[in-house]
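Worksheet: the structure to be examined is printed underneath.
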Amino acid sequence: MSMITRLLPLLLLTAASPAKEEAPDAAFFETLRAADLRLATIAYRLTTANAALCDRQQPQVGMPIHALTQYGPSARQSAAKAFGFELTIGVEAVVAGAPADRAGIRANDSIVAINDTEQPGLPSTDAAEGAGARDAAEAVIAAAPIGKPLRLTVLRAGRRLPIAVQPVTGCRSRFEILLGSGLGATADGAIVQIGERFFESYTDEEIAVVVAHELAHNILRHRDRLDAAKINRGLLAELGRNGRLIRETEDQADLLGIYLLANAGYDPMSAPKFWRQKGGTIDGGLFRSRTHASSKARAEVLEVAARAIAATSTRPIIPPVVATRDVPLR
């Protein structure tokens, strides 16, 4: 069992939890930071390399942020010390070579303001839990004018520093590790969530296959299109028209995902390799849902696509499936 999985209940302690629980130590928070940085690096690479495929774009800076209020009251003091929180919003990590890194942003900087939007000070000791402050800060960045510098004021060891970051244009999407979801992965049109177990024994290239698939769902607006088609994704998801259209969106996400990987400089063969080697664990083997192709079938289809991609030197490649994002599902 990984440190993240073992200490997950402690991280998510609520005010109603036993007061005597031992808070996570510094090593746990560094493990969490390392996992978040891996995801942020993969996401930055995929979103910026594939901006031409996305009609919904945002400035990408390569700077995963978090809020002190995301951590349960029993873990908050330890989190504040480990991550250097001087205010509610902090820089958890910085993607190497990304705009934030080039501008001089550092992990553990606290954020005073983003452009003209002031960020909250330190929360009270009994402040409610939640990621609302972080989500609001990320929304300010996402809504900033593309192509213009992002003006940040950070607090570093008590010193206020104005820093201008020149973002790179990328696909609009947020990325999160979903604690407690194992090997789950979801996309809702705005957010991609990846289960924490991927960061225990999977390589970055393997994780990128999963992230690219979920990002493809967002690019193709699958959630909105399934909702418009009145598709049931609950108990009836596998039946009739529900199952057929969900399966169609999954096949499309597989196909677009391999192009996203290739455009970002990943080996397109990593996708069929992933489904051959790890697919049984992901798709449930004999108990897999009929809304998804088997791992064997996915590998075969993706290998054909990967060979075609490898024979094309142009980057980025914009495959025909991108043009379907406004087409109603029927």
Side-chain angles (χ1 to χ4, degrees), residues 29-54 56-67 83-84 89-115 117 119 134-156 161-177 190-194 198-199 203-212 214-215 218-219 260-267 315-316:
F29 291 111
E30 290 306 321
T31 299
L32 187 62
R33 190 203 306 265
D36 282 334
L37 179 56
R38 289 178 69 191
L39 177 58
T41 301
I42 293 165
Y44 176 79
R45 187 170 166 180
L46 287 169
T47 55
T48 57
N50 289 288
L53 282 68
C54 300
R56 297 174 178 174
Q57 299 176 335
Q58 72 171 70
Q60 294 288 353
V61 296
M63 181 186 73
I65 61 177
H66 57 169
F83 292 125
I89 304 298
V91 177
E92 184 182 9
V94 177
V95 175
D101 184 32
R102 295 196 299 270
I105 300 291
R106 297 292 175 260
N108 288 10
D109 283 349
S110 291
I111 300 180
V112 179
I114 305 169
N115 286 340
T117 303
Q119 298 302 303
R134 180 209 60 191
D135 294 348
E138 288 186 339
V140 172
I141 295 173
I146 289 176
K148 293 188 177 181
L150 190 70
R151 293 177 286 106
L152 299 178
T153 302
V154 303
L155 194 62
R156 184 183 299 165
L161 300 171
I163 300 177
V165 181
Q166 184 60 57
V168 176
T169 301
C171 303
R172 176 170 290 204
S173 204
R174 289 169 47 203
F175 300 83
E176 298 176 347
I177 295 177
I191 304 173
V192 168
Q193 294 182 317
I194 305 295
F198 282 106
F199 299 88
T203 67
D204 286 357
E205 189 172 60
E206 290 169 338
I207 295 171
V209 173
V210 180
V211 175
E214 298 302 333
L215 177 59
N218 285 353
I219 293 172
L260 301 182
L261 290 168
N263 289 341
Y266 292 101
D267 180 359
R315 298 290 187 273

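Only heavy atoms go into these numbers, but all of them, side chains included; no hydrogens, no water, no symmetry mates.
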For this session: State, with a plain yes or no, whether a side-chain heavy atom of F199 is found less than 4.5 Å away from one of T31.
Result: no
Problem set entry | Inter-residue atom distance R45.CZ - N263.CG, 0.5 Å rounding | 11.5 Å
Problem set entry | Rounded distance [0.5 Å steps], CG in L150 versus CD1 in I141 | 6.0 Å
Seminar exercise, completed: Minimal heavy-atom distance between A137 and I114, with the atoms involved, is O-CD1, 3.7 Å
Exercise. How about T169 and T48: do any of their side-chain heavy atoms sit closer than 4.5 Å?
Worked result: no
Problem set entry | Gap separating the CD atom of E176 from the CD atom of E138, nearest 0.5 angstrom | 7.0 Å
For this session: Determine, stepwise, if the pair L152 / V61 fulfils side chain to side chain contact (heavy atoms under 4.5 Å, CB included).
Result: CA-CA 12 Å; L152 299 178; V61 296; over 6 Å; no
Exercise. Hey, what do you get for CG (L46) to CZ (F175), rounding to the nearest 0.5 Å?
Worked result: 7.0 Å
Exercise. Can you name the residues that form a side-chain contact (heavy atoms from CB on, under 4.5 Å) with D109, not counting sequence neighbours?
Worked result: V91, I105, R106, V154, R156
Problem set entry | Closest non-hydrogen atom pair between P145 and P59, with its separation | O-CG, 4.2 Å
For this session: Look only at the side chain of E205 and the backbone of Y266, and say whether a donor-acceptor pair between them is shorter than 3.5 Å.
Result: no
Exercise. Can you check side chain to side chain contact (heavy atoms under 4.5 Å, CB included) on T41 and D204, steps first, answer last?
Worked result: CA-CA 9 Å; T41 301; D204 286 357; over 6 Å; no
Seminar exercise, completed: Between A49 and P316 the two heavy atoms that sit nearest each other are O-CB, 4.0 Å
Problem set entry | R315: salt bridge (Lys or Arg N to Asp or Glu O under 4.0 Å) partners, not counting sequence neighbours | none
Exercise. Tell me, do I177 and D36 make a side-chain contact under 4.5 Å, heavy atoms counted?
Worked result: yes
Exercise. Say you draw a straight line from OG1 of T47 to CG of L53; how long is it, rounded to the nearest 0.5 Å?
Worked result: 12.0 Å
Problem set entry | P99 versus Q166, closest heavy-atom pair with distance | CB-O, 3.2 Å
Exercise. Is a side-chain donor or acceptor of R151 paired with a backbone partner of I163 at a separation under 3.5 angstrom?
Worked result: no
Exercise. So which heavy atom on L32 is nearest to which on E92, and how close?
Worked result: O-OE2, 3.8 Å
Exercise. Can you check whether A142's main-chain N or O pairs, donor with acceptor, with R172's side chain at less than 3.5 Å?
Worked result: yes
Problem set entry | Interatomic distance, I111 atom CD1 to L155 atom CG [nearest 0.5 angstrom] | 11.0 Å
For this session: Please name the pair of heavy atoms, one in S173 and one in N218, separated by the smallest distance, quoted to 0.1 Å.
Result: OG-ND2, 2.9 Å
Seminar exercise, completed: By ring-ring contact (aromatic ring centres under 6.0 Å, His included), Y44 pairs with (sequence neighbours left out) none
